[in-house]
> 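Quick one: the structure is below, and I'll ask about it shortly.
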Amino acid sequence: MQAVPSTVYFTAAFNIAGTAGGNTYGDVIKFVYEYVCDMFDSPIAYDAFQKQGAFSTFEQTIKANVMSLSDDTGCSQKWALSLRMFDPDIRRRQWTIDIGIQQSEVDTLTLGYIEQYADYTVGSLTPFPSPQAETPIFVQQILQVQSFSCTVCSQKMPTHPIELTPETVHSFVDLMYDETRSIPLLVVTNPELINPSALAYTTLGNAAVYYTWDIQGLNALVRPEDSIPVNAFHIIYPWRNDRIGHYTYMADTLQRLGGKVLSAVRRAFCESLSSARKKALLSVDDIVRERNSLRLTDLTEQAQTSAATISQLEAMVAERDEQFKQLTQQLEDCQARVNRDLESEVQQFMALAEEGMAQMDLAREQLKEITGSLYQGFCGRPVLDGLPVWPEIAHLCQAAGYLQARTASNHAKNAG
């Protein structure tokens with residue numbers, strides 16, 4: 001179905017105070033949980049309902065979505081519920097209920113409620129009838145809970161009209177001039193003009209209703225510029241810019257409006273979203289955006305930390321690279337020195353080897369000459385005249401000549 005703008009049916013915002021030592025946040029969520037279970041006509045998972053989850057009836061006619069957010073200490077907590085359902089009588093009308101809870105202190109929190117509907121009129125030749133103006137059951141029930149209280153300036157929010165008497169007028173004046181007051185005060189100085197009970201029911205959760213016939217005692221306690229005339233309907237708005245807004249509607253104006261007074265009051269205070277009311281109405285989408293924002297912030301911080309770590313590692317790598325280059329150069333220099341020293345030693349060894357080979361060749365030649373001389377049978381004559389002879393070889397030649405001479409001498413004796 002095509003998305004269409006929603007129409008506000010009812011809104012309300014409550015300051016909620018719990019009992020000493022109690023769990024106000026948990027008590028409020030428990031109250032909302034029981035309210036949703038009544039709508040579903042069956043229990044749902046409470047653990048998921050406290051934190052995050054999606055729920056629906058078997059027929060898928062009612063769907064609920066829950067989202068929550070809390071800080072590390074648990075003192076600041078946010079919780080939101082979004083309900084979607086189809087009107088049982090007008091199937092092309094969809095209702096939406098958003099409930100948001102924000103806790104900034106242990107036993108004090110705010111709750112926002114907004115109920116809207118959207119009509120899908122594509123293909124319909126006639127508009128759908130407007131829903132009957134009633135105060136939602138949720139608003140009626142939350143003001144009757146005993147485990148916590150909906151308050152106005154530390155006073156319990158009234159659910160019925162209060163008659164201004166000598167016993168109540170002083171608390172009214174205190175509330176009237178309390179700069180922290182967040183709801184308007186509706187004063188009827190002639191109950192025959194407007195029914196105070198009907199007015200209180202119509203604006204339940206959005207205003208405090210008072211009535212009186214005697215205004216002399218009241219005017220004696222207020223400032224002259226805030227005096228309240230008789231036979232009128234007065235709206236005393238919360239403080240703004242160091243002053244209160246005070247609007248008076250006299251009897252003739254009320255008579256012209258006739259039966260439209262209550263609907264006009266409801267439209268002004270229960271079906272309108274002021275900037276303050278919008279701020280108080282926390283939604284599931286608000287929590288999703290905040291969670292995404294926190295996640296983005298966390299990822300940004302991680303990225304910055306990672307970037308700093310990467311920069312440090314890059315600096316370390318650059319330093320190690322420079323050290324590696326220095327060590328590589330030192331190794332190359334050392335290798336070059338070793339190669340030079342080795343080449344020099346090899347050259348020396350080759351020179352010694354060549355010299356040794358030359359001496360070996362000389363020795364072979366001398367041995368060859370000696371062998372030839374021995375086979376020729378020389379005796380006493382110089383064998384190696386003109387040849388460079390090692391001393392050892394010369395001794396060998398002398399020994400060979402001596403041996404040859406002895407052998408010849410022995411042969412001669414034997415012959416004789």
> What I want to check is whether the side chains of Asp214 and Thr212 have a donor and an acceptor closer together than 3.5 Å.
no
> Using side-chain heavy atoms (C-beta onward) and a distance below 4.5 Å, is Leu81 in contact with Tyr35?
no
> Side chains of Thr135 and Thr202: closer than 4.5 Å at any heavy-atom pair?
no
> Which heavy atom in Lys51 sits nearest to a heavy atom in Ser68, and how many Å separate them?
O-OG, 2.7 Å
> Are there more than 12 heavy atoms of other residues, nucleotides or ligands under 6.0 Å from atom CD of Glu332?
yes
> Check the pair Leu186, Phe269 against side chain to side chain contact (heavy atoms under 4.5 Å, CB included), reporting the backbone distance first and the verdict last.
CA-CA 11 Å; Leu186 309 182; Phe269 299 112; 4.1 Å; yes
> Would you say the side-chain atoms of Thr203 pair up with the backbone N or O of Ala208, donor to acceptor, closer than 3.5 Å?
no
> On a heavy-atom basis, which atom in Leu281 and which in Ala12 lie closest, and how many Å separate them?
CD2-O, 3.9 Å
> How many angstroms lie between atom CD1 of Ile142 and atom CD1 of Ile137, to the nearest 0.5 angstrom?
13.5 Å
> Please confirm whether the backbone N or O of Arg340 pairs with a side-chain atom of Ser344, one donor and one acceptor, at under 3.5 Å?
no
> Looking at Gln302, I'd like to know if its CD atom is crowded, meaning that more than 12 non-hydrogen atoms belonging to other residues, nucleotides or ligands lie closer than 6.0 Å.
yes
> Distance from Arg266 atom CZ to Ser272 atom OG, nearest 0.5 Å?
10.5 Å
> Please check if the number of heavy atoms outside Gln216 that lie under 6.0 Å from its CD is greater than 12.
no
> May I ask you to check whether Phe55 and Phe40 place their ring centres under 6.0 Å from each other?
no
> Between Gln335 and Asn339, is any side-chain donor less than 3.5 angstrom from a side-chain acceptor?
yes
> Using side chain to side chain contact (heavy atoms under 4.5 Å, CB included), reason through Glu134 and Tyr9 one step at a time and then give a plain yes or no.
CA-CA 9 Å; Glu134 295 181 352; Tyr9 178 74; 3.7 Å; yes
> Nearest 0.5 Å, please: how far is OG1 in Thr24 from CD1 in Ile16?
8.5 Å
> So does Ile62 get a backbone contact from the side chain of Thr57, meaning a donor-acceptor N/O pair under 3.5 Å?
yes
> How about OH on Tyr46, more than 12 heavy atoms from neighbouring residues, nucleotides or ligands closer than 6.0 Å, or not?
yes
> Donor-acceptor pair, distance only, cut-off 3.5 Å: does the side chain of Asn206 make one with the backbone of Thr11?
yes
> Over all heavy atoms of both residues, which pair between Ile44 and Tyr33 is shortest? Give the atoms and the distance, please.
O-OH, 2.6 Å
> Measure the shortest side-chain to side-chain distance between Arg84 and Asp98 over non-hydrogen atoms and say whether it is less than 4.5 angstrom.
yes
> With rounding to the nearest 0.5 Å, note down the distance linking CE in Met176 to CH2 in Trp239.
9.0 Å
> Would you say that Leu262 contacts Ile194 through its side chain, given a criterion of any heavy-atom pair below 4.5 Å between the two side chains?
yes
> Could you give the distance from OG1 (Thr96) to CG (Leu83), rounded to the nearest 0.5 Å?
9.0 Å
> If we only count heavy atoms from C-beta on, is the Thr168 to Glu163 side-chain gap below 4.5 Å?
no
> Tell me if a side-chain donor or acceptor on Tyr177 pairs with a main-chain N or O of Val222 at a distance below 3.5 Å.
no
> Is there a side chain to side chain contact (heavy atoms under 4.5 Å, CB included) between Gln52 and Arg291 once you walk through the steps?
CA-CA 12 Å; Gln52 179 176 339; Arg291 290 176 68 170; 2.9 Å; yes
> Between Arg181 and Asp178 (salt bridge meaning N to carboxylate O under 4.0 Å), is one present in this structure?
no
> Of all the heavy-atom pairs spanning Leu109 and Gln103, show the shortest one and how long it is.
CB-CA, 3.8 Å
> Does any N or O in the side chain of Ser293 come within less than 3.5 Å of the main-chain N or O of Arg289, such that one atom is a donor and the other an acceptor?
no
> Test side chain to side chain contact (heavy atoms under 4.5 Å, CB included) on Leu199 and Tyr211 and set out the steps.
CA-CA 11 Å; Leu199 183 62; Tyr211 68 96; over 6 Å; no
> Evaluate the criterion ring pair (Phe, Tyr, Trp, His ring centres under 6.0 Å) for residue pair Tyr120 and Phe128; output intermediate values, then yes/no.
CA-CA 9 Å; Tyr120 299 87; Phe128 302 139; 9.3 Å; no
> Taking the side chain from Thr189 and the backbone from Ala232, do they hold a donor-acceptor pair closer than 3.5 Å?
yes
> May I ask you to decide if the ring planes of Phe10 and Tyr113 are parallel, tilted or perpendicular, using 30° and 60° as cut-offs?
perpendicular
> Do any N or O atoms from the side chain of His234 and from the backbone of Pro229 form a donor-acceptor pair under 3.5 angstrom?
yes
> Side chain of Gln94, backbone of Arg92: donor and acceptor closer than 3.5 Å?
no
> Would you mind reporting whether Val32 and Phe49 have side-chain heavy atoms less than 4.5 Å apart?
yes
> Is the distance from the ring center of Phe148 to that of Tyr25 below 6.0 Å?
no
> Look only at the side chain of Ser227 and the backbone of Asn219, and say whether a donor-acceptor pair between them is shorter than 3.5 Å.
no
> Tell me the closest heavy-atom pair linking Gly205 and Phe14, and the distance in Å.
CA-CE2, 3.7 Å
> Show the nearest heavy-atom pair for residues Ala48 and Val66, with the distance to one decimal.
O-CG1, 4.5 Å
> Kindly indicate whether the side chain of Leu69, heavy atoms from C-beta on, has any atom under 4.5 Å from the side chain of Leu294.
yes
> State whether Lys325 and Asp321 are salt-bridged, where the test is any N-O pair (Lys NZ or Arg NE/NH1/NH2 against Asp/Glu carboxylate O) under 4.0 Å.
yes
> Could you tell me whether Lys30 and Asp27 make a salt bridge, using a distance below 4.0 angstrom between a side-chain N and a carboxylate O?
no
> Determine whether Ile114 and Ser283 make a side-chain contact, defined as any pair of heavy atoms from C-beta on separated by less than 4.5 Å.
no
> So how far is it from Leu143 CG to Thr159 OG1, rounded to the nearest 0.5 Å?
6.5 Å
